[in-house]
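A quick write-up on the structure given underneath.
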Protein chains: 2
Amino acid sequence: MHGARPTIGDVARAAGVSKGTVSLAYSGKRPVAEETRRRVFAAAESLRWTASSSAQALATSRTSTIGLVIARRPEIIATDTFFPRFIAGCEAVLAEAGMGLMLNVVTDEDAETAAYERYAAGRVDGVILLDVKQGDRRPDLVRELGLTAVMLTAEAPHEDDPVDTPVVYTEDAAAVGELVDLLVGAGHTSIAHVSGPLRYVHAAARRDAFVDAMTHHGLRPDRIVEGDFTAASGRDATAALVDRADRPSAIVYANDVMAIAGLSYARSSGLRVPEDLSVTGFDDSELSAHLSPGLTSVSTGADVRGAVAARTLLAALGGDARRPVLVDGTVVVRRGSIAPPSRH
Amino acid sequence: MHGARPTIGDVARAAGVSKGTVSLAYSGKRPVAEETRRRVFAAAESLRWTASSSAQALATSRTSTIGLVIARRPEIIATDTFFPRFIAGCEAVLAEAGMGLMLNVVTDEDAETAAYERYAAGRVDGVILLDVKQGDRRPDLVRELGLTAVMLTAEAPHEDDPVDTPVVYTEDAAAVGELVDLLVGAGHTSIAHVSGPLRYVHAAARRDAFVDAMTHHGLRPDRIVEGDFTAASGRDATAALVDRADRPSAIVYANDVMAIAGLSYARSSGLRVPEDLSVTGFDDSELSAHLSPGLTSVSTGADVRGAVAARTLLAALGGDARRPVLVDGTVVVRRGSIAPPSRH
DNA sequence: TTCGATGCGCAAACCGGTTTGAACAGTGAG
DNA sequence: CTCACTGTTCAAACCGGTTTGCGCATCGAA
C-alpha cells in the first residue's frame, strides 16, 4: 500500500544531488546554491519527506527530547493540578524549540532510578528535577549518568551549596509571610498551618516561612500539622485542628486541595467561612478562584515555572550554564476566604 | 573526564566476541552458548553498557515510545484531574513493557497536526487519541501518517461505523441513567444538566444519555446548559439555573469541577446542599470524596482507562488488531450531595 | 595564458545498533 | 574415512541521517 517512508536518499535522487547536499540544504551548515536548495526543497515536498528523528538522533547524538519523571503517590497526581499546569508551561517552550517531552510517572524509588537510566541510554538530552527532597540523590545520579539537568526549588540556593545543577526557584517564603501578615492584619492571633510532607524541600520551606512569620509577629507557631497534599489529609488535619475548644481562627494550608477539603469540612461541621474560620491555600488552582467564597491563595504560576525550567534547560543544553534563576510572579491572591475573626 | 558511553563494540572487544554476538546474547533471537552469554553479560556489566536507544530505534524502526497529544485549553488542563490520572494509568503499563510516553500539549489545531507529524517522523510507534470530536479528522490523519492508534470514546462504536482504529470505550450512558434514576427515586422532578462542550463526542453522549433518562421517566429534559468543563463555566451555568424562581431541585454536571464550583456557588447564594439542591458530578475526583457533603459522582477509573488504552495500543503494535474493548468499572458513587427535594 | 581564490557539490566515513548468509568445529552415521 | 548435520560465531550489509576532505568549475588578477 503506502510505500515505506521516503529517505534522504530518495530526495537526493529526485533532486539530482547527493545525500550530503540535501542535509546541508536543510541545516545550512554550509552554503548551498540557491537554485539547488530550491530543487531539494521541491523534491522533499513532493515526496513528503521528513528527516527520520531516530537517524538524526543517532548521527548527532541529540534526541531533541527532554525527560520529566514524576514520583508521587497516585492520589496526589490525581488531585494536585500543579503537574498538568507545569507540563503545559514546559510544552509551550519546548514545542517552539521543536523539542519533545518524555514523561514518566513512577511510584517507588527503584522505578525512578530505572527511569533516569533509561533516559541516559540516549532517550533524552536533559531532565527537569521536580520535588526535590532533603538529601536528594538525583543530582548525583543524573550527573553520573551524564544527563544535563535543571532543578526546581522553592528558595534561593545557599551560597555555600556547591550547586552544579542549574536551579530555577521561587520565593515561597515571602508569599507565606504575606499570607500571615494578611491574617494578622485582619486581627487573627490563633493561626494554624497544615504543611505538606516535610521531606520535600518546598514543603519544609513553606513551614519554616510560616514559623518565621508568626514569630515575627510575636505569635507562637505551635499548631502545625503535617499533611501530604491530598484532600483526605487536608480534611483530617482540619478536623484535628477545629474539633476542639481552642480551635484556631485561621488556617494556612500548603496547597489548595487541602484547603478546599478543609474548608468544606469546617463548613459542614457548623463553622462559617470566613466568619468563623479564615483559610488560605497555596498554588492557586482555577477551582479556587471560582469557589464561593473564593479561596485566598498564592498564585505561583505553575505554567510560568514550567516555561522557565524548560528555557533554562534548553540553555544548559546549549552549554550556557547560568546562575540560579528566580521565577518571579509569585503573588498572593486575596479572595473571600479571609475575614476578621468572630468572637466565640 | 567520564569517557564517552561505551558502545556495543567495546563490549564485544572486552568479551572477545563480535558485535553481532553481543546483540544476539541480549535479544535471544538466535541461540548463544551459555558460556559466551555469561562473558558478554559480565563485560557489559563491568563497562556499564546499555544499548543506545537511538541506534536501536534506527536499526529496528521501533522507538519503544508512544505518543499522547492533549489538545485542550489551558484552564481545563489546569483543572480537570482526568489527564494526570489517565497518564499515570498508561505509564504503569508502559513502564512494565519498557516503553516510554511522549507527551504534547497543544492549544490549536495546527499545532496538533504538527505534533502528529513529528510523531510520524519516527518519534513514536503509536498514539492514543483522546477527546474525540464530531467529525474528528485525526483517525484519518494518523492512518495517513502510518501511525498505529487507539481511540478512546464514551460509547460502544456503531456497528456500521467503518472502524479501523481500535477503540477503547466506556459506557457513560448507563451511568448517567443511574444518576437520574437516583434523583428521580429521591423525589426530584425538576432536574437540570450542565454538559461539557458538545463538540466532544463524550460530552454529547452524556447529554444524550441525560435526555433519554429524563424522557424515560416522563420528565422533560428542558434545562440543559452547555458548559466547558471549567470551574468558571460550572459556576456561571449554575447561576443561570438557580437564580430564578423556577430553579431546579437537582443538577447533573458533566464533570466534578463544574459540580464543585456550582455547589459552592449555590451554597453561597443561600441554598443548602443537598437540602435545597442536589448535585452530581462525573469522573469522580479525589477531592469530591473528601468534600462535605461528598459529591455524588461517577467513578470512571481514569487510570484504568489509561492502562487499558496502553495495553490495547501495545497489542495493536504487536499486530493484534482487536475488537472494541469495553472498559468496565464505571460505577456511581453515592455521597451526601443528594437528598430528597425540600418544598420551596 | 597562467595561477590562486572562491563557490559548490560529491563521495565516503561515521553514529551504534540489528540482521543474516556463510564459515567453522565437532559429532555421529554410513 | 567421508559426509551430512548441528551448534555457534563471524563479518558485512544495513537502518537514515550528518560531517568533512577533496575535486571540479568558474572567475578575476597578474
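Values below: all heavy atoms of this structure, side chains included; hydrogens, waters and symmetry mates excluded. Just so it is clear: chains get the letters A, B, ... in the order the sequence lines come, proteins before strands, and each one is counted from 1. Treat the numbers as computed from the prediction; the structure is a model and nothing was measured.
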I'd like to check the side-chain hydrogen bond (donor to acceptor under 3.5 Å, both in side chains) partners of [X]; sequence neighbours left out, ordered by chain and number.
X	answer
R39(A)	E35(A)
Q134(A)	none
E109(B)	R137(B)

Calculate, to the nearest 0.5 Å, the distance between atoms CG and CZ belonging to L130(A) and R72(A) respectively.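 L130(A) CG to R72(A) CZ: 8.5 Å, rounded to 0.5 Å.
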Do N104(B) and Y116(B) pair up side chain to side chain, a donor and an acceptor below 3.5 Å, judged on atom types alone?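 Their side chains do not contain a donor-acceptor pair, so the 3.5 Å distance test is not met.
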Decide whether S64(A) and R123(B) meet the rule of one side-chain donor and one side-chain acceptor closer than 3.5 Å.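 Their side chains do not contain a donor-acceptor pair, so the 3.5 Å distance test is not met.
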What pairs meet the ring pair (Phe, Tyr, Trp, His ring centres under 6.0 Å) rule with one or both residues in residues 5-41 of chain B, with sequence neighbours excluded?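 Those involving residues 5-41 of chain B are Y26(B)-F41(B), Y26(B)-W49(B).
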Under 4.0 Å from a heavy atom of chain A: give me the 5'-most and 3'-most nucleotides of DNA chain C that qualify.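 So the contact region on DNA chain C extends dC8(C) to dG16(C).
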When you compare the protein's N or O atoms with those of nucleotides 9-12 of chain D, which come within less than 3.5 Å of each other, and at what distance?
residue	atom	partner	partner atom	Å
dT9(D)	OP1	T36(B)	OG1	2.1
dT9(D)	OP2	A33(B)	N	3.0
dT9(D)	O4	R30(B)	NH1	2.9
dC10(D)	OP2	S18(B)	N	2.9
dC10(D)	OP2	S18(B)	OG	3.2
dC10(D)	OP2	T21(B)	OG1	2.8

Can you tell if the side chain of I77(B) reaches within under 4.5 Å of the side chain of V105(B), non-hydrogen atoms only?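 Counting from C-beta outward, I77(B) and V105(B) do come under 4.5 Å.
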How large an angle, rounded to 10°, do the end axes of the helix from dT1(C)-dA30(D) to dG30(C)-dC1(D) enclose when each is built from five base pairs?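 One end axis against the other gives 70°.
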Please identify each residue that fulfils ring pair (Phe, Tyr, Trp, His ring centres under 6.0 Å) with Y200(A), with sequence neighbours left out.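 Once residues adjacent in sequence are excluded, the partners of Y200(A) under the ring pair (Phe, Tyr, Trp, His ring centres under 6.0 Å) criterion are H202(A).
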Near DNA chain D, counting only heavy atoms under 4.0 Å, which residues of residues 51-66 of chain B show up?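 L58(B), A59(B) - these, ordered by number, are the residues of the stretch whose heavy atoms sit under 4.0 Å from the strand.
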Only pairs under 3.5 Å count here: list side-chain donor-acceptor contacts from residues 301-310 of chain A, not counting sequence neighbours, and write none if there are none.
residue	atom	partner	partner atom	Å
R305(A)	NH2	D283(A)	OD1	3.3
R305(A)	NH2	T300(A)	OG1	2.8

Residue list, salt bridge (Lys or Arg N to Asp or Glu O under 4.0 Å) with D136(A), at least two apart or on another chain: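 By the salt bridge (Lys or Arg N to Asp or Glu O under 4.0 Å) rule, D136(A) matches R138(A).
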Once side-chain contact (heavy atoms from CB on, under 4.5 Å) is applied, do any residues pair with D320(B), and if so which ones, sequence neighbours excluded?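 Listed in chain order: A315(B), R322(B).
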